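The block underneath contains the structure these notes are about, expressed in structure tokens.
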Amino acid sequence: MSDRTFNLEEATPVDPTLTDRTVSILEQTNNGGDQSFECCIEHLPFYRSIESDLLLMKQYLFKRGLNEQDIVSQEEIVINVLKESLNQFIQIEKTKNENLLICIDNIMKECDRIHRLLELEWTIEKPSDDLSLFEQMKQANNLLESSEHLFKIKTTEINEMRIQEEKLCQKLHEKIFEFNNENETPFAKRKIILENHIHDLTNLQVERSSRVEQYRQQIHQMKIELELNDNYGLVIGDDNNILLIRLIDGPFETIELSNANVVHLQTLANELDIQYQKNKIKGDQLINQLKALYERLNINEVDQEIKLPTNKPDRPSNLIKLEREIERCKDIRRQNMKTYILNIREEIFMQYEKCFYSREQMELFPALYSNVFTEETLEQHEKELEEMKTYYERNEQIFIELRRWMDAWDEFKKFEFVSSDPNRFKQRGYSAINEEKERRHIETILKKAQENILMLADEYEQTHGHSFHVDGISITDFFTHEKENYSQEKELEKARKQLARGQTPILTNAQHSAKRQLAHTEMMKTPSRQQQFDIKVTTPFRPASAINNKRLLPLQPQQNKVCKELS
């Protein structure tokens with residue numbers, strides 16, 4: 001058995017597990033450096049203890065009777081176990097260092113992520129590798145702590161916006177905004193998106209609140225106008241109707257402003273408004289019908305059973321009263337059918353005059369001259385009256401312009417009569433300039449009115465496919481005849497003056513036409529046998545208006561005299 005003693009030469013080939021510092025010390029020791037030897041001498045007890053224990057173990061083995069080879073083999077086993085144990089400790093420490101490095105790297109990555117989310121201007125500097133791992137860990141943790149503080153502030157701000165957004169979404173029954181990857185979205189971008197979404201939700205809340213308030217007020221008003229009960233005419237027991245009643249009468253701040261609730265209120269408000277409009281139209285119709293009945297039956301205010309509800313005729317209770325009163329008046333009408341029909345006939349004649357109807361056009365409605373007063377005759381008269389009213393309303397603008405033209409035409413003829421008097425020059429204050437201005441003014445009015453009438457008549461013809469008629473003739477012929485008739489009147493007046501002076505006038509074509517018209521007028525005064533048979537003696541014939549009389553040219557007495565003298 002060989003004795004293994006510790007010496008510096010043997011200690012020089014150091015185990016690889018020793019640190020670089022120890023290796024450098026031992027190398028310096030082998031080179032004879034005193035300082036290195038003093039630094040290394042602290043490890044001598046450890047080596048001596050190992051060597052002593054190995055020596056003691058070999059003595060036990062020798063004493064037990066093992067040979068030298070077995071003893072060396074056991075010694076190698078012990079040395080290998082020691083080496084393996086030392087390697088295990090070294091690996092544990094190495095793993096710890098690696099874990100520290102991984103932890104430091106993770107901390108720095110988290111700092112980078114927070115830095116990117118916060119979009120900070122300052123850069124993150126990694127701890128220096130010259131520092132120990134604990135120092136690097138400490139600096140990394142300090143950097144993470146400061147970053148997390150800013151991150152917490154921003155997160156709190158975002159969470160407050162999220163809470164506000166959630167409240168609005170619950171109130172409006174809308175969905176919150178979902179980011180594609182919220183955790184990786186920078187805070188500034190998240191803030192802008194949430195601010196815009198909250199702004200949109202706030203505007204939507206204001207808009208829906210306004211609409212809900214409007215519909216609630218409208219429904220409450222319709223409840224009064226339609227005389228509804230507290231259920232607004234809805235079927236009780238339906239959950240949707242119960243919810244709808246809560247939306248109408250519940251506290252406004254507790255109402256969910258969902259789009260569905262707004263639509264439900266809008267639908268009900270529209271339905272009630274449609275019913276109200278129908279009642280309003282019906283009420284106006286009943287009022288007009290009842291007024292017409294009162295007027296045609298000559299029922300005064302004392303004999304009326306109800307006072308006409310002119311303010312709120314559309315209320316259901318008033319509609320019922322009006323319908324009952326109309327039925328009562330219809331009973332009276334059946335008892336006084338003749339008087340009633342004659343009164344309607346007067347209204348029809350008035351409509352004929354307003355629409356410039358000729359006698360021939362009037363005679364197209366034969367019931368107008370009938371002496372049979374039945375329900376059928378009444379229906380015919382009412383239908384004719386309604387058609388004439390409709391005809392006038394559809395062409396009211398033409399008739400207004402035509403009336404304006406007729407007034408200007410009469411004014412023009414009066415002006416022409418005055419301006420043709422030679423004695424006007426002797427009148428005090430006469431001015432030829434003023435006379436010419438007045439002439440131009442009247443002619444301008446006539447021209448403008450005629451242009452408007454022709455334009456409206458052209459539109460009527462394009463719409464209806466036939467020309468617009470006045471006094472039974474087209475509007476163009478009407479203007480032509482009016483001017484021709486006026487020329488005839490002027491020539492007849494001129495002939496009268498010639499007769500008054502003892503002169504024999506020469507008949508012009510216009511005067512011959514006037515004589516023929518006079519003969520035609522005399523003939524019209526005597527109805528034919530057929531007319532005598534159809535038109536009863538007791539049926540008064542109401543000719544057209546005074547305007548139509550002028551266009552039919554029943555000549556004035558003085559003009560008749562002139563025509564007779566000319567003949």
Side-chain angles (χ1 to χ4, degrees), residues 345-368 380-417 438-491 509-510 513-514 516-517 520-521 524 541-555:
R345 192 170 287 174
E346 280 295 317
E347 294 184 37
I348 293 175
F349 276 121
M350 292 175 60
Q351 288 297 324
Y352 284 158
E353 293 175 3
K354 290 174 63 177
C355 297
F356 298 92
Y357 259 41
S358 66
R359 178 170 177 173
E360 290 78 6
Q361 288 176 296
M362 296 180 193
E363 292 175 351
L364 293 177
F365 179 53
L368 191 65
Q380 292 174 353
H381 279 68
E382 288 179 340
K383 181 180 178 181
E384 178 69 9
L385 179 60
E386 187 64 28
E387 289 178 354
M388 291 306 303
K389 287 182 177 179
T390 303
Y391 176 70
Y392 179 81
E393 290 173 358
R394 290 178 178 174
N395 306 285
E396 184 177 9
Q397 191 60 37
I398 300 180
F399 294 126
I400 291 175
E401 292 292 337
L402 189 57
R403 175 61 60 184
R404 183 180 293 115
W405 187 90
M406 291 300 301
D407 292 341
W409 181 242
D410 291 339
E411 185 178 355
F412 174 77
K413 289 190 289 187
K414 291 178 182 179
F415 173 79
E416 284 285 307
F417 177 77
E438 186 176 359
R439 181 189 298 277
R440 286 198 299 267
H441 175 68
I442 296 174
E443 290 176 350
T444 301
I445 295 176
L446 278 171
K447 182 179 179 181
K448 184 64 176 177
Q450 183 171 340
E451 289 176 353
N452 292 340
I453 293 170
L454 293 175
M455 179 184 67
L456 294 171
D458 183 62
E459 294 177 358
Y460 177 91
E461 183 175 356
Q462 292 178 2
T463 303
H464 298 83
H466 59 84
S467 60
F468 184 81
H469 282 69
V470 178
D471 196 19
I473 59 178
S474 67
I475 192 68
T476 305
D477 293 339
F478 167 77
F479 288 126
T480 302
H481 289 179
E482 283 291 327
K483 294 174 183 179
E484 287 179 354
N485 291 342
Y486 178 59
S487 298
Q488 294 173 12
E489 292 176 5
K490 289 172 64 176
E491 292 183 2
N509 292 334
S513 177
R516 288 194 298 270
Q517 188 172 2
H520 175 72
T521 305
M524 292 293 291
F541 175 77
R542 177 172 178 173
S545 65
I547 298 175
N548 287 333
N549 286 338
K550 293 177 183 178
R551 291 190 293 279
L552 287 173
L553 275 180
L555 302 178

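Bear in mind that the values here come from a model prediction, so they are computed numbers and not experimental data.
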For [X] and [Y], which heavy atoms make the closest approach, and how far apart are they?
{"X": "His481", "Y": "Ile473", "answer": "ND1-CD1, 3.4 Å"}
{"X": "Gly472", "Y": "Gln361", "answer": "N-OE1, 3.1 Å"}
{"X": "Ile445", "Y": "Ala408", "answer": "CG2-CB, 3.8 Å"}
{"X": "Ala457", "Y": "Ile475", "answer": "CB-CG2, 3.8 Å"}
{"X": "Leu368", "Y": "Met362", "answer": "CD2-O, 4.3 Å"}

Do [X] and [Y] have side-chain N/O donor and acceptor atoms under 3.5 Å apart?
{"X": "Gln462", "Y": "Asp458", "value": "yes"}
{"X": "Tyr352", "Y": "Glu384", "value": "yes"}
{"X": "Asp477", "Y": "Thr480", "value": "no"}

Glu401 and Arg404 ion-paired at < 4.0 Å: yes
Salt bridge Lys447-Glu443, side-chain N to carboxylate O under 4.0 Å: no
Output the distance between atom [atom1] ([X]) and atom [atom2] ([Y]), rounded to the nearest 0.5 Å.
{"X": "Cys355", "Y": "Glu396", "atom1": "SG", "atom2": "CD", "answer": "10.0 Å"}
{"X": "Asp407", "Y": "Leu446", "atom1": "CG", "atom2": "CG", "answer": "10.5 Å"}
{"X": "Asn485", "Y": "Lys483", "atom1": "CG", "atom2": "NZ", "answer": "12.5 Å"}
{"X": "Ile442", "Y": "Lys414", "atom1": "CD1", "atom2": "NZ", "answer": "10.5 Å"}

Could you check whether any side-chain heavy atom of [X] comes within less than 4.5 Å of a side-chain heavy atom of [Y], counting everything from C-beta outward?
{"X": "Lys354", "Y": "Gln351", "answer": "yes"}
{"X": "Tyr460", "Y": "Arg394", "answer": "no"}
{"X": "Glu461", "Y": "Phe468", "answer": "no"}
{"X": "Met388", "Y": "Glu347", "answer": "no"}
{"X": "Trp409", "Y": "Gln450", "answer": "no"}
{"X": "Glu459", "Y": "Leu456", "answer": "yes"}

Under 6.0 Å between the ring centres of [X] and [Y]?
{"X": "His381", "Y": "Phe365", "result": "yes"}
{"X": "Phe399", "Y": "Tyr391", "result": "yes"}
{"X": "His469", "Y": "Tyr357", "result": "no"}

Side-chain donor/acceptor of Arg345 to backbone N/O of Ala367, under 3.5 Å: yes
Pair Trp405-Phe412, side-chain contact (heavy atoms from CB on, under 4.5 Å): steps then yes or no: CA-CA 10 Å; Trp405 187 90; Phe412 174 77; over 6 Å; no
His464, NE2: over 12 other non-hydrogen atoms inside 6.0 angstrom: yes
